[in-house]
Each structure stands twice: as structure tokens, then as C-alpha cells.
K.L.:
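Could you have a look at this structure, given as C-alpha cells, before my questions?
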Amino acid sequence: MEANRIYNFNPGPATLPLPVLKEAQAEFLNFRGSGESILEISHRAKEYAAMQDEAKADIKKLMGLGDDYEVLFMTGGASTQFALLPLNFASKEHPGAYVLSGSFAEKAYKEAEHLDIGVIAASSKDGGYKHIPQQDELKIPENAAYVHLCYNNTIYGTEYHYIPDTKGVPLFADMSSDMLSRPIDFSKFDFIYAGVQKNLGPAGVTLVVAKKSFLEKSPEELPTMFKYATFLKKDSLYNTPPAFNIYMVGKVAHWILEQGGLPEMAKRNKKKADLLYGVIDASNGYYRGHAEPASRSFMNVTFRLPSEELEKKFVAEALAEGLGGVKGHRSVGGMRASIYNAMTYEGVEKLADFMQKFQKANA
Ligand SMILES: *Cc1c(COP(=O)(O)O)cnc(C)c1O
């Protein structure tokens with residue numbers, strides 16, 4: 001652990017790999033020999049173009065996707081994608097079908113509902129979003145333009161552990177908080193997006209990885225910047241892109257490749273998650289996990305303590321031990337440990353030890 005840094009369990013913006021931060025620091029004043037900082041360089045410069053191409057290639061390599069998919073860098077966060085998806089792809093005849101598995105899934109649905117072009121395919125809201133709707137719960141209309149999932153529910157701490165069979169309806173997923181955390185058959189998805197500030201970089205850029213044939217479909221009448229087709233045609237350079245953020249995402253993707261790719265990330269993330277869920281399960285009910293075990297997230301571990309008073313104490317004492325950002329989202333309460341790719345096993349071990357000590361001292 002680096003001096004003066006805490007173990008950062010925040011949900012997003014979140015911890016980034018330390019080697020990536022150090023590399024960016026070392027290159028900060030002179031980007032690729034240009035004599036300019038990445039914050040100063042033109043997005044039309046050849047050094048910039050090479051960097052963006054490499055970032056796109058590394059992301060596709062990690063995901064095992066070919067030329068039929070395109071990587072876009074957009075802005076406005078995942079929240080803007082919520083609105084752009086129905087605008088670009090849904091209609092009254094072909095509504096978007098939404099699986100409600102948490103707050104962000106609901107927000108995505110609301111944007112389509114507002115235009116009267118969204119339907120609900122399943123929901124686990126009754127019972128407090130403790131589980132991921134399973135295949136037999138899904139009701140997908142045959143005329144749906146797409147099925148939209150939120151693959152990892154950052155707030156509730158639940159995650160898909162299967163890819164739904166949509167009977168031929170295109171599959172869309174918000175993977176903001178688990179993108180590039182484990183191998184998935186990404187070719188089963190037509191459209192994937194992620195606000196990068198959870199697992200992939202600093203806030204300010206949204207990663208889209210989608211089938212080219214889909215991106216081409218944007219209706220003519222939409223404003224230029226609302227059309228995916230614009231970003232596809234102009235290689236995400238129709239307007240000025242957030243260069244620094246894209247540069248950082250490229251560095252993180254490269255770091256993942258160097259570490260051994262998604263299989264290695266999955267191994268590490270499972271080991272970290274198992275350690276924390278193990279402490280919860282062995283606590284005789286002192287720690288109560290929010291998610292049903294079969295739907296547990298490898299990225300966001302959510303749990304409650306016996307009282308809100310103890311929860312406040314837990315947050316304060318954890319921070320004093322150098323464990324930051326463990327407070328849960330207000331809609332669930334309790335604790336949430338976000339253990340993305342960049343969180344080290346060492347950090348999770350420290351948190352697990354702290355949890356055990358805290359229970360002994362406050363049972
Ligand atoms: C954080 C988050 C969002 C919202 O992302 P913004 O980039 O802030 O708009 C959407 N979906 C999921 C799953 C998230 O974790």
C-alpha cells in the first residue's frame with residue numbers, strides 16, 4: 001500500500017490501479033513525445049489517434065469481439081444512454097423491454113416509459129431487489145426492439161450469473177459496474193455500455209461496445225449528437241472527446257491485458273468476494289447480506305449490521321483503519337464494499353479482518 005493512500009471501497013468514482021495512476025503521472029507533461037500534456041493535445045493529432053485506436057483494440061481483444069462490433073466513446077454517463085437507447089431503437093410498434101433489477105434498471109426503463117415506448121419484461125422490486133430475475137420470470141414481447149438488463153446492480157449488490165435467452169430479441173446491457181471484470185460471451189449482446197467511473201477509469205466518458213449493424217440504425221430526424229450513427233461514422237470524433245478520460249480507460253484496459261485478461265480478473269474478483277461473503281455467512285447473523293446468495297455480486301458486497309448506530313460506528317472506525325467508502329447507498333442502508341478490478345486482495349483482507357474484530361468488540 002502506498003503511503004498516504006486509503007483502501008478505497010467507494011462505488012464510483014472508485015479506486016484505479018496504482019501502476020496506471022503512476023504511469024499517467026510520469027507522462028503528464030509530455031504525452032508520447034508530443035511535448036504537450038494529454039490535457040492540451042489536439043484530438044486531431046496523430047499521437048491522439050494512435051492512443052484511441054490502441055484503446056479500442058485492447059477493449060475488443062479483452063472482450064473477444066471482432067469487426068462486427070464497434071467501440072464508441074461518448075459523454076453524459078450511463079444516464080444519458082438510458083435516454084438515447086429508446087430514442088434510437090424503440091418505437092410504439094417495437095418497444096424496449098426492460099428487466100427491473102434495481103435503481104439504475106428502473107431509471108433506464110423510465111426514459112422509455114416517458115416516451116411511451118417501454119414495457120417491463122420482469123421485476124424483482126417486490127422483496128427489495130434482492131435477486132436477479134431468472135429466465136422463467138422473463139416475459140419478452142415478440143415485437144420488442146430489445147431487452148435491456150442492468151448486469152450488475154451497484155446499489156443492491158446483485159449481479160447476473162447467466163445470459164438470458166431472449167428468443168432472438170436483441171440483448172442490451174448496462175455493464176457500468178462490472179464491465180471487464182470477468183469473461184462473458186459478449187457476442188450474445190448487441191449493445192453494451194458503461195459509465196467508466198466504476199471499474200474502468202475516471203468519470204467523464206461512457207464506453208459503448210455494440211454491433212455496427214445496430215449503431216447504423218439511428219433515425220435520421222434525431223439531433224446529430226443523439227445519434228449513435230454519428231459516433232460510428234466519425235470514430236467518436238464528431239466533436240471534441242474527453243481525451244484524458246479515454247487515455248485513462250486505454251491504460252486500464254492495457255493493465256488488464258498485462259495482468260492476464262478477464263480470466264485473471266475473474267479469479268481475483270471471485271477470491272475477494274468469497275472472502276467477504278465468507279465473513280458475512282460465518283457471522284451468525286451479525287452481518288446480514290442484502291443479496292440472495294445466488295444473485296450475489298462479485299463487485300459490490302452489500303450488508304447490514306444489527307443497528308444503524310453500529311453501522312455509523314463501523315463506517316467511522318473503518319476509515320480510521322484506512323478503509324474508506326464502505327457506507328451503503330441510502331436506498332438500501334448499511335454497508336457496501338465495492339471491490340472492483342483495481343481493489344487489491346490485501347485491501348479486502350484488511351476489511352475482512354476489520355469486520356471480524358468489529359463483531360467481536362460490538363456483539
Ligand atoms: C453508476 C451507474 C449508472 C449511472 O452512471 P452515470 O455515469 O453516473 O450516469 C448507471 N448504471 C449503473 C449500473 C451504475 O452503476
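Just follow the structure's listing: the first ligand is 1, and inside any ligand the first atom is 1.
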K.L.:
Provide, line by line, the atom pairs where ligand 1 and the protein bring an N/O atom each to a distance under 3.5 Å; else say none.
P.N.:
residue: ligand 1; atom: 7 (O); partner: Ala78; partner atom: N; Å: 3.1
residue: ligand 1; atom: 7 (O); partner: Gln197; partner atom: NE2; Å: 2.9
residue: ligand 1; atom: 8 (O); partner: Gln197; partner atom: NE2; Å: 3.3
residue: ligand 1; atom: 9 (O); partner: Ala78; partner atom: N; Å: 3.2
residue: ligand 1; atom: 9 (O); partner: Ser79; partner atom: N; Å: 2.8
residue: ligand 1; atom: 9 (O); partner: Ser79; partner atom: OG; Å: 2.6
residue: ligand 1; atom: 11 (N); partner: Asp174; partner atom: OD2; Å: 2.6
residue: ligand 1; atom: 15 (O); partner: Thr154; partner atom: OG1; Å: 2.4
residue: ligand 1; atom: 15 (O); partner: Lys198; partner atom: NZ; Å: 2.5

K.L.:
Rounded to the nearest 0.5 Å, how far apart are CE of Met343 and OH of Tyr340?
P.N.:
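One finds 10.5 Å between CE of Met343 and OH of Tyr340.
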
K.L.:
Drop me the distance from Leu276's CG to Phe9's CZ, to the nearest 0.5 angstrom.
P.N.:
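Reported to 0.5 Å precision, the distance equals 7.0 Å.
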
K.L.:
Which residues pass the side-chain hydrogen bond (donor to acceptor under 3.5 Å, both in side chains) test with Asn199, sequence neighbours left out?
P.N.:
none

K.L.:
Is any side-chain heavy atom of Ser187 less than 4.5 Å from a side-chain heavy atom of Leu65?
P.N.:
yes

K.L.:
Taking only distance into account, with no hydrogens and no angle test, what donor-acceptor pairs under 3.5 Å do side-chain atoms of residues 71-83 form with protein atoms, sequence neighbours excluded?
P.N.:
residue: Thr80; atom: OG1; partner: Gly76; partner atom: O; Å: 2.7
residue: Gln81; atom: OE1; partner: Tyr228; partner atom: OH; Å: 2.6

K.L.:
Pairs in or reaching into residues 230-259: which pass salt bridge (charged side-chain N to carboxylate O under 4.0 Å, His left out), with residues at least two apart or in two chains?
P.N.:
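Output for this query lists Glu23-Lys251, Glu27-Lys251, Lys56-Asp235.
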
